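The structure displayed is predicted, hence computed values, not measured ones. All chains are named by letter (A, B, ...) in the order of the sequence lines, taking the proteins before the strands, and each is independently numbered beginning at 1.
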Amino acid sequence: MRRRTMLIGGLMGAGSLIVGYWFSYQRDRLGDRRTFPAGRNEAALNGWVKIAEDGRVIVAAPRAEMGQGVHTMLAQLVADEMDARWEDMTVEAAPDDPVYRNVEILLESVPFSPEETGLVPDAARWAATRLAGVLGISATGGSTSTRDAWLPLRYAGAAARSMLLQAAARRSGRAVTELTTGQSAIYGRDGEMVATYGELVHWAAVVAPPPRVTLKTRQQLQIIGRPMPRLDIPDKVRGTAEYGIDVRLPGMLYAAIRHCPVHGGTLKSVTQPSGGLPAGFRAIVPLRNAVAVVADSWWRAERFLATGGDGELKIDWAHGPAAAYDSAKLWAELDTLAKRIAPDFSRHVSRRPAGSPTVETPRRLEAVYRAPYLAHATMEPMNCTVLAQPKRIELWLPTQATSLARRVAARVGDVALNQVIVHGTLLGGGFGRRAEMDLVREAVVIARAVPGTPVQILWSREEDMTQDYYRPMAVGLMACGIDAQGAIAAWRTRLISQSATSQYSRRNLRMPETDWPDPNSVETPAYAFPEITVEAIVPRLPIPVGYWRSVGHSHTAFFEECFLDEVAHALGKDPLALRRQLLHDQPRHLAVLQRLELAAGWGRPAPAGRARGLALRASFGSVVGQVAEVSVTAGQIRVHRVICAIDCGPVVNPAIVRAQMQGGIIFGLTAALHGEITISAGAVEQRNYADYSMITLADAPEIDVHVLDSQHPQVGGVGECGTPPIAPAVGNALFALTGKRLRALPLRLA
Amino acid sequence: MTELRINGTFWGVDAEPDKPLLWVLRENVGLLGTKYGCGIGVCGACTVHIDGEAVRSCQFPLSEASDKEIVTIEGLGGGPLHPVQTAWIELQVPQCGYCQPGFIMAAAALVARKAAPTAEEIDATLTNICRCGTYPAIRQAMQRAIAALRSAP
């Protein structure tokens, strides 16, 4: 009795702690007016919103804009709750403060899909949320920005509205209850304008934030859910948008760089030219694994390295153990590891009642799938600009992790954290590459060689492509047991792949390297297989790996959706019908599948010479299905049309969702048809777009995107989930067309 | 000293004769809208107009630029936006936007040469690379630009 009372008391205590924590947590994520510095004629209402006398409403933007529309999304969330006009909205880079931390990005690293519930997944999520609070890190990735901002930014906008009403009441002497908001202004109940937001700047500056706010209902939303035009587009079309490569500072120098082509190798020696450096050249800087040349022109510095300083610059590398590796050896190692008895990770999920007798599986299907290393190949090559002074460092760079860049610069540059300023620029593509800190480390070292002078380190395309952190190469051992009635009784996936999460944590967060796989490589499939086993083996290979758009899903979706297609065909079942059966308890998946079936005309014959393939994947909190319509001419694969259906929960900007689906599909299709990074003597063989083909306009399919009007309460990400389904959809279409089952990427018929 | 005519203005440039126009623009003249993507003429991010033709400026040496009319993205509209730029904004084409100045320049040169190119001609001419995959939006924007130019006085 006593124990039960204690337990109940403990739970109630914990419960009220949790409720109290939730309210203070929301307020805690608002910050206060000191967090977001206000200029003259501006007033900060909280950490997220400022108003200016000229009528601008300024939203703090701690996330990196890399074309996914994150700045626009943040502004929409605030503008709607604040009743501000869209034309008044603008964004400003947020300072580095824990208020701007990304909580959802840590939740992404929990090894359970958002759909999985229970004590262990929920406890893992709670721990990750607390850790995010402790770390206070702002980062952009994992398709988390919208879901992370959804409540805090709306609270911030609603709080701002409340404060503006208070300010107008004080200024006008009228009661708050007589006033209302709309179109960046306060109105009396009689419809007469009382004040514009801009006119209330100085009054709002001294109003206390409200203790609580009410958010709009879905029906009341006017900006959230609409295809508002993006804030960053006009400058991008004019050519005036400033990327990291465009940063220009007085007296600036430029650095070109050559890294040891063999991964993990180091610099043994570099001899300087005997006659000294040419005019305009400032320094040759040796680094642990690279040589940088600093000059008044990047083109001259790059050419100096390309010509070996006209033969005078002698660089000697210590290649290291990676030199013994080529692609064949890497595949052989994965294949050997695949046979290991004990995996590094294993999860078994059974839907059958406890104590059920073992089911006989007289028929067993098995297949081995493969996917290669892939490069990011962002259009803007890697770069970083640094001004290093003895006790202060300032950086300008395109980065997905401004908070981390600051901490790494402080450590490498040996200055106090509060003496490091990071200016995050627009990114000419991110895809996960710009979460890495390698540019920060080397740029700080190079800048310290010319203290007091800003230096921009720019990688050539060749350096960018050969010194990447690649999407891992992977082997998938797929197996399925069929019972005597011809139904799937058991499903097993065994993934052999390096872990981007494990390597990233070691490289950038100073955590020990583990054999823990990428969390989203080991999510339990949504299909109602009676028994599911998910295993992973994490090899240590000498080629560095990192986060690549959709991470683990980029191979597991191909492996699982193609193998399920194999099983469907082996059982004589339609792939869509089989999925419908297996998703009977997954309403979101069913709705996506149903929309896809209708939109793609799945039941009707494909046009002559073409066939269709289907793939469905839940990732990053969203459910995406795709049907690809494919033909083959003289061995060349052509994708004519892709129909895509997505349930991403509440939609902030449907035009952005469409763009991310189109973009994610093209990104995935390029990888599916062409993407392959090969290794020779520990070095990457592909050096530029000539060796690493990209889809162009002529190859791009027609893409129809259907954004479901979802009732799912949680926001799902859209930046990455469009990519995983396209490779399996095309692979499955090719099987339907040719009878050939392709189990390796890139898809090749010859 | 090489004299260049860029966006209607004369510039005196002191640089190596084999310096690519891309880097002359970015380093000597200070026009940053023209972008570096590959340096080998494959991606098209460096596209400018030279005597009205789309040219990949990373492959065009300074020594050949002196008696040409050069137009960059900054000078395309000459103040107001070019119809291609207007269409690009209306159809919300750019994502990261880094490749877009090159794409816009290539598209503008195409429609200047041929008022109503077919889809095949567009595909064959606009071979620029976009890593973000904006091609579907580009197709729509081209149709909008072509229609706007057709109905322009």
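Contacts between A/I695 and chain B at a heavy-atom distance below 4.5 Å involve backbone atoms as well as side-chain atoms. Looking at A/P701, the atoms closer than 4.5 Å to chain B (heavy atoms on both sides) all sit in the backbone: N, CA, C or O. Interface remark: B/I104 contributes side-chain atoms only to the contact with chain A (heavy atom separation under 4.5 Å).
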Kindly provide each donor-acceptor pair between chain B and chain A shorter than 3.5 Å, listing atom names and distance.
| from | atom 1 | to | atom 2 | distance (Å) |
| --- | --- | --- | --- | --- |
| B/E16 | OE2 | A/R300 | NE | 3.0 |
| B/D18 | OD1 | A/R303 | NH1 | 3.3 |
| B/D18 | OD2 | A/R303 | NH1 | 2.7 |
| B/R26 | NH1 | A/D246 | OD1 | 3.2 |
| B/R26 | NH2 | A/I245 | O | 3.1 |
| B/R26 | NH2 | A/D246 | OD1 | 2.7 |
| B/E27 | OE1 | A/S297 | OG | 2.6 |
| B/E27 | OE2 | A/W298 | N | 2.6 |
| B/E27 | OE2 | A/W299 | N | 3.4 |
| B/K35 | NZ | A/D246 | OD1 | 3.2 |
| B/K35 | NZ | A/D246 | OD2 | 2.7 |
| B/Y36 | OH | A/R461 | N | 2.9 |
| B/G37 | O | A/R461 | NE | 2.7 |
| B/G37 | O | A/R461 | NH2 | 2.9 |
| B/C38 | O | A/N688 | ND2 | 3.0 |
| B/Q85 | NE2 | A/V237 | O | 3.0 |
| B/Q92 | OE1 | A/R230 | N | 2.7 |
| B/P94 | O | A/R230 | NH1 | 3.0 |
| B/P94 | O | A/R230 | NH2 | 3.3 |
| B/Q95 | O | A/R230 | NH2 | 3.0 |
| B/Q95 | O | A/K236 | NZ | 3.0 |
| B/Q95 | OE1 | A/Q660 | NE2 | 3.2 |
| B/Q95 | NE2 | A/A659 | O | 3.0 |
| B/C96 | O | A/K236 | NZ | 3.2 |
| B/C96 | O | A/Y243 | OH | 2.7 |
| B/G97 | O | A/Y243 | OH | 3.3 |
| B/Y98 | N | A/Y243 | OH | 3.2 |
| B/R131 | NE | A/H376 | O | 3.1 |
| B/R131 | NE | A/A377 | O | 3.1 |
| B/R131 | NH2 | A/H376 | O | 2.9 |
| B/Y135 | OH | A/I695 | O | 2.6 |
| B/R139 | NH1 | A/A700 | O | 3.2 |
| B/R139 | NH2 | A/L697 | O | 2.7 |
| B/R139 | NH2 | A/A700 | O | 2.9 |

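Here A/M379 contributes atom CE and B/C130 contributes atom SG; the two are 8.0 Å apart, rounded to the nearest 0.5 Å.
For the options B/P101, B/C132, B/A137, heavy-atom pairs under 4.5 Å to chain A are most numerous at B/C132. The choice from B/V93, B/I138, B/L81 that makes the most heavy-atom pairs within less than 4.5 Å of chain A is B/L81. The greatest number of non-hydrogen atom pairs below 4.5 Å with chain B, out of A/G428, A/A655, A/A698, A/G239, is found for A/A698.
In this structure, A/L427 and B/C96 approach most closely via the heavy-atom pair O-CB, 3.4 Å. Here the closest non-hydrogen pair linking B/P136 and A/I666 is CD-CD1, 4.4 Å. The minimum heavy-atom distance between B/I40 and A/A690, with the atom names listed, is CD1-CB, 3.9 Å. Of all the heavy atoms in B/L126 and A/L697, the pair that sits closest is O-CB, 3.7 Å.
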